[in-house]
Amino acid sequence: MEKDKKKNDIVYDPQTGGLKERLGRVKKTRWIRFGVVSAIFLAWVAWLGNWWVLLAWPLLADIYLTQFIPYTCWKAIKNPFLRRVMSWVDAIVYALVLVYFLFLFVGQNYQIPSSSLEKTLLTGDFLWVNKMVYGPRVPQTPLHFPLAQNVLPFFNCKSYIEHPQLDYHRLKGVRSVERGDIVVFNFPAGDTVALNCPNPDYYTLSFENGSDFIKNNPDKFGEVIYRPVDRRDNYVKRCLGLPGETFSMKDGTVYINGKALPEPENIQFRYVVTTNGTPITDQIYDELGISMDDRAFNGQFYEMPLTKEMVKKLKSYSWVTDVQRVTDAMLTGSNDNILSYPVGYDYGWTHNNYGPLWIPKKGESVKLNIKNLPLYERCIKNYEGNKLEVKNGVIYINDKAATSYTFKMDYYWMMGDNRDNSLDSRYWGFVPEDHIVGTPMIVLISFDKDKPGLSIRWDRILKSANPDKK
């Protein structure tokens with residue numbers, strides 16, 4: 001017991017004692033630690049801009065000084081095994097609280113699950129995502145397990161408690177989202193999820209199968225659930241369109257306000273490759289850096305995503321007879337026009353030829369009519385929480401006839417660098433500002449899932465997560 005007393009600067013005494021007596025037992029080192037923690041706490045409260053949080057300061061004073069609440073009473077347990085177990089519990093709880101605040105307000109790790117941003121980011125990259133650049137969000141779902149996004153591993157249950165739900169509030173950051181940023185965000189169309197079929201998103205799934213059919217066949221599609229904004233799956237894409245701009249695409253080239261955008265250095269498009277009969281081996285695929293998921297052969301030709309440099313390399317092989325980029329005209333029988341956002345409405349848009357489409361900006365209005373309503377319906381109803389109906393050809397917002405709508409949030413247009421193999425804003429629409437998580441800064445470590453065991457890509461460790469951003 002004496003050893004424990006000295007170790008913690010405060011004498012543990014099961015007898016109560018008054019305030020003056022307790023403060024008299026506190027050693028100088030403890031006062032210094034309390035002062036440092038209080039200064040950090042006050043700075044954090046000022047950053048939050050919510051002075052009601054100061055009501056928690058007496059709890060800090062009790063933890064470090066007075067200890068009216070017996071936080072360390074487990075140290076008086078006589079059974080050494082149980083005392084050791086409780087010491088581990090104490091350490092784990094402390095670590096989880098620390099991780100909770102670190103992940104919420106500073107940053108967190110994130111894994112790249114698909115090839116939509118290759119070759120900029122590779123499947124298997126683990127990134128450090130900085131939340132302070134755009135300003136961290138105050139948690140909308142505060143009661144959640146800090147190491148899981150929405151499902152607890154092993155237990156396969158929700159990692160969060162839905163209530164209470166707080167209003168969206170973002171703390172002051174360094175800057176706002178810029179064009180060319182790679183951004184991590186909560187998947188906007190992930191508000192409703194059929195658990196057995198996360199891809200495609202529930203709304204595309206409903207269009208293809210019917211929502212009643214999905215709900216009546218839980219064995220196939222799984223339970224249909226709703227997820228709060230900050231508990232939706234994390235996605236990562238490049239921001240190409242900013243609030244208030246007009247986005248369009250023509251033959252795969254992106255235009256903003258009518259001007260063509262420079263393409264990222266490692267942008268990829270889908271190509272058809274034919275040979276003289278010589279097969280493209282795994283060794284050639286590996287040399288080109290094409291993952292298993294992106295390799296396709298139909299018996300006559302090969303299909304794969306390629307950068308400009310990869311195209312040059314393939315054409316240098318004498319046995320390659322043709323390398324041709326896939327165009328909309330080659331996609332005979334494709335229903336890309338009705339699976340593009342907004343799903344189910346035929347605007348004649350495809351993933352290579354899209355728009356023009358105005359991106360909503362906070363405080364700006366759009367004139368509404370029956371033709372353009374599907375473009376902004378999710379923003380008005382799902383993201384900004386309004387009641388929206390159409391009766392006898394008239395649009396009603398919150399039970400009032402409306403011919404225009406003024407947006408409450410900024411919205412962004414996100415796309416992948418692997419343009420023809422990316423489910424992005426062209427398929428599920430705008431990303432609201434309250435869904436923005438942060439921007440990846442560096443690659444912590446990278447694993448090549450196409451190779452056996454834990455194959456580490458050593459050359460990617462601590463590399464910039466966005467080399468195109470100067």
Where does the angle between the aromatic ring planes of [X] and [Y] fall among parallel (under 30°), tilted (30 to 60°) and perpendicular (over 60°)?
X	Y	answer
Phe407	Tyr411	perpendicular
Phe34	Trp57	tilted
Tyr100	His144	tilted

Quick one about [Y] and [X] (side-chain donor to acceptor, distance below 3.5 Å, no hydrogens or angles considered), yes or no?
X	Y	answer
Tyr203	Asp191	yes
Arg378	Tyr383	yes
Thr120	Asp417	yes
Tyr160	Asp230	no
Asp233	Asn186	no
Tyr168	Glu433	yes
Ser446	Asp125	yes
Thr406	Glu364	no

What is the minimum heavy-atom distance between Pro113 and Thr123, and which atoms define it?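 In terms of heavy atoms, the two residues are closest at O-CG2, 3.8 Å.
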Minimum heavy-atom distance between Ser211 and Tyr202, given as atom pair plus value: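 Looking at all heavy atoms of both residues, the shortest contact is CB-OH, 3.6 Å.
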Trp413/Phe185 aromatic ring centres below 6.0 Å: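 So the answer is no for these two rings.
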How about Tyr412 and His435: are their ring centres within less than 6.0 Å of each other?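 Tyr412 vs His435: aromatic centres not under 6.0 Å.
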I'd like to know if the side chain of Arg238 reaches the main chain of Gly180, judged simply by a donor and an acceptor atom lying under 3.5 Å from each other, with no hydrogens or angles considered.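 Yes.
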Main chain of Gly210, side chain of Ser206: is a donor-acceptor contact present, judged purely on distance under 3.5 Å?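 Such a contact is absent between Ser206 side chain and Gly210 backbone.
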So, are Asp282 and Arg295 salt-bridged, with charged N and O less than 4.0 Å apart?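 Yes, this pair counts.
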Can a cation-pi geometry be assigned to Arg170 and Tyr134, taking NZ or CZ under 6.0 Å from the six-membered ring centre and within 45° of the ring axis?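 Geometry flag: not set, cation outside 6.0 Å or 45°.
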